[in-house]
Amino acid sequence: MTDSGFALVIGAGPAGLMAAEVMARAGQRVIIAEAMPTPARKFLMAGKSGLNLTKDQPLDDFMRCFRTGDGTGLPSSAAGLFDPRHDGFGPREVMDWAESLGIPLFVGSTGRVFPTVMKASTLLRAWLRRLGEMGVEMRTGWRWNGLEDGFAFATPQGRHLLRPDVTVLALGGASWPRLGSDAGWVDILASAGVAIAPFRPANMGFLVNWSEPMVRHFGSAVKGVAIRCGGMSSRGEWVISRSGVEGGGIYEVSAAMRDGAAALVDLLPDLSADEAARRFARPRGKLSIGNWLRRVLGDPVKVALLLEWGAPLPANAHDWAERAKNLPLHHTGPAALEGAISAAGGIRFDAVTPQLELTALPRVFAAGEMLDWEAPTGGYLLTGCLAMGRRAGQGALARMPESRL
């Protein structure tokens, strides 16, 4: 069974849905093929406890948070992705788009932007309703499995072959495979000559071999500390888990940690070294070391971390302050890719044009986490996927046969 005369989007996450919206708004017939039973499963999971849409901050600061998987900034071919002066789709445009769906927003104290209802499901329902009204056709349970004179799919009704005019691939990276991002497309594209960088975890936790005294702190939040690593700094909260450390404060510096930079925890980030030393100069008397440190630090979780990672314990106030403000975060490496929030690696930017068209496969475009980029959590990931989906959709429109325009 075949089909023709339309634009195809493979993958119904944020990047794919945005590409479909761009093309449908221009009057094109669009079919979305999604392997999972329902669309945007990772998007829904990410927004379950609060959908962080974007980060309201100066554009230059925003763009500095994006890099390719090898640690360099986005290439010049990606210039303008977020810059409205170059028809980009940055934080302000994301906010305007969400509000056009009837989704009220608010900006938190750190600049993070959320829907007032917090969850992703409300926004997704409004978005899918808009796409349906535009005539976009959603085919779920359609798993792309090859290039055979078209795009071959395994579907609930059997094998199906599509021959679209243009195609946008938005199949995700390699994190959270149970939600659909299983990187099953890698062998197909590599065999077609598309250059692909190996996947690595991004925005992930780190494994720690905890001592027995740390067991009582499993599940505890670490608050009011800073982490410095590889020129980056984080003041966000993180969590002590059975397997290690995880959470937003860790994710902000996880790329540098993954790449081998030493991480230092400042347990007293609001105090200078001298002020911290004065705290540690308090007489201990007959107090146990733990009780004395609780009086100095005011937080049993901080005390536990200092005792865990601070050995050999200092002998004077100056050295205690130095240790508390430069506590090595000892870990045994990043957690597995499958459990990471996102992934570095994927289709190399030198394998696509500035419009995100695959040079090895004309009229085929790629967007979102399939491409080799990474950014911290906090609104950057979603904005990146939306901007790339929009760019790919625009590029695909420009490559439609004239008879379809």
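A donor-acceptor pair under 3.5 Å is formed between the side chain of E34 and the backbone N or O of A12. When atom types are taken as modelled, the side chain of R228 and the backbone of L264 share no donor-acceptor pair closer than 3.5 angstrom. A donor-acceptor contact shorter than 3.5 Å is absent between the side chain of R279 and the backbone of L271. Side chain of K55 to backbone of G378: no donor-acceptor contact under 3.5 angstrom is found. When atom types are taken as modelled, the side chain of S191 and the backbone of D187 share a donor-acceptor pair closer than 3.5 angstrom. Looking at N52, its side chain does come within 3.5 Å of a backbone N or O of G379 through a donor-acceptor pair. Counting only distance, with no hydrogens or angles, the side chain of W185 and the backbone of G172 share a donor-acceptor pair below 3.5 Å. Remark: side-chain polar atoms of W309 are not paired, donor with acceptor, to backbone N or O of A304 under 3.5 angstrom. Put simply, the side chain of W320 never gets that close to the backbone of A277: no donor and acceptor are under 3.5 Å apart. Listed for the R391 side chain is a donor-acceptor partner under 3.5 Å among the backbone atoms of P354.
Remark: R200 engages D259 in a salt bridge, criterion side-chain N to carboxylate O under 4.0 Å. By the 4.0 Å N-to-carboxylate-O rule, K325 lies too far from E275 to be salt-bridged with it. E93 and R390 are not joined by a salt bridge, as no carboxylate oxygen comes within less than 4.0 angstrom of a charged side-chain nitrogen. Looking at R323 and D319, no side-chain N of the basic residue comes within less than 4.0 Å of a carboxylate O on the acidic one, giving no salt bridge. The pair E148-R163 fails the salt-bridge criterion, with no side-chain N (NZ, NE, NH1 or NH2) lying under 4.0 Å from an Asp/Glu carboxylate O. With salt bridges taken as basic N to acidic carboxylate O contacts below 4.0 Å, one links R67 and E374. Electrostatic pairing of R143 and D182 counts as a salt bridge here, judged by a charged N lying under 4.0 Å from a carboxylate O.
In plain terms, the two heavy atoms of V30 and A20 that are nearest each other are CG1-CB, 3.9 Å. The two atoms that bring G346 and D372 nearest to each other are O-CB, 3.9 Å, heavy atoms only. Of all heavy-atom pairs between S121 and L44, the closest is CA-CD2, 3.7 Å.
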> Where do V186 and F199 land on the side chain to side chain contact (heavy atoms under 4.5 Å, CB included) test, with the steps shown first?
Replying inline: CA-CA 10 Å; V186 169; F199 280 111; 3.8 Å; yes
>> Please determine whether side chain to side chain contact (heavy atoms under 4.5 Å, CB included) holds for the pair F6 and D165, giving the CA-CA distance in whole Å, both sets of side-chain angles, and the decisive distance to 0.1 Å.
In response: CA-CA 6 Å; F6 63 97; D165 294 315; 5.6 Å; no
>> The test is ring-ring contact (aromatic ring centres under 6.0 Å, His included); show your working for F82 and F62 and say whether it passes.
In response: CA-CA 9 Å; F82 310 109; F62 184 86; 5.5 Å; yes
> Can you list the steps and then say if V208 with T332 is a side chain to side chain contact (heavy atoms under 4.5 Å, CB included)?
Replying inline: CA-CA 6 Å; V208 178; T332 60; over 6 Å; no
>> Could you go through E308 and S211, starting from their C-alpha distance and side-chain angles, then the distance that decides it, and tell me whether this counts as side chain to side chain donor-acceptor pair (under 3.5 Å)?
In response: CA-CA 7 Å; E308 181 75 6; S211 66; 2.5 Å; yes
> Could you walk me through whether M95 and R92 pass the side chain to side chain contact (heavy atoms under 4.5 Å, CB included) check?
Replying inline: CA-CA 5 Å; M95 289 186 273; R92 181 68 261 172; 3.4 Å; yes
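Proximity of L189 to I347: side-chain heavy atoms (C-beta onward) are separated by under 4.5 Å at one or more points. Counting heavy atoms from C-beta on, the side chains of M118 and F106 come closer than 4.5 Å. Looking at L306 and V265, their side chains never come closer than 4.5 Å, going by heavy atoms from C-beta outward. Taking the side chain as every heavy atom from C-beta outward, C385 and W373 approach each other to under 4.5 Å. Contact annotation: the side chain of N316 never approaches that of F280 to less than 4.5 Å [non-hydrogen atoms, C-beta and beyond]. Proximity of L371 to V352: side-chain heavy atoms (C-beta onward) are separated by under 4.5 Å at one or more points. The side-chain heavy atoms of D87 and Q394, taken from C-beta on, include a pair separated by under 4.5 Å. Within the 4.5 Å cutoff, the side chain of R130 has no heavy atoms near those of the L17 side chain.
Within the model, atoms CE of M36 and CG of L179 stand 6.5 Å from one another, a figure rounded to the nearest 0.5 Å. Rounded to the nearest 0.5 Å, atoms CG (L124) and NZ (K119) are 14.0 Å apart. The line from OG1 of T155 to NE2 of H160 is 7.5 Å long, rounded to the nearest 0.5 Å. Annotation: the span from M232 atom CE to M257 atom CE amounts to 12.5 Å, rounded to 0.5 Å.
Side chain to side chain, T54 and T383 meet the donor-acceptor criterion of an N or O pair below 3.5 Å. In this structure, a donor-acceptor pair under 3.5 Å is absent between the side chains of E252 and N203. With no hydrogens or angles considered, no side-chain donor-acceptor pair links S272 and D274 at under 3.5 Å.
For H318, the NE2 atom counts as loosely surrounded, since its 6.0 Å shell holds 12 or fewer non-hydrogen atoms of other residues, nucleotides or ligands. For R178, the CZ atom sits in a loose shell: 12 or fewer heavy atoms of surrounding residues, nucleotides or ligands are nearer than 6.0 Å. Atom CG of D61 is surrounded by more than 12 heavy atoms from other residues, nucleotides or ligands within 6.0 Å.
Between F153 and W142, the ring planes lie tilted relative to each other; the angle falls in the 30° to 60° range. The aromatic rings of W97 and W127 sit perpendicular, their planes meeting at an angle over 60°, well past the 30° parallel limit. Between F151 and W144, the two ring planes are tilted [angle within 30° to 60°].
Contacts of T359 classified as side chain to side chain donor-acceptor pair (under 3.5 Å), with partners at least two apart in sequence or in another chain: none.
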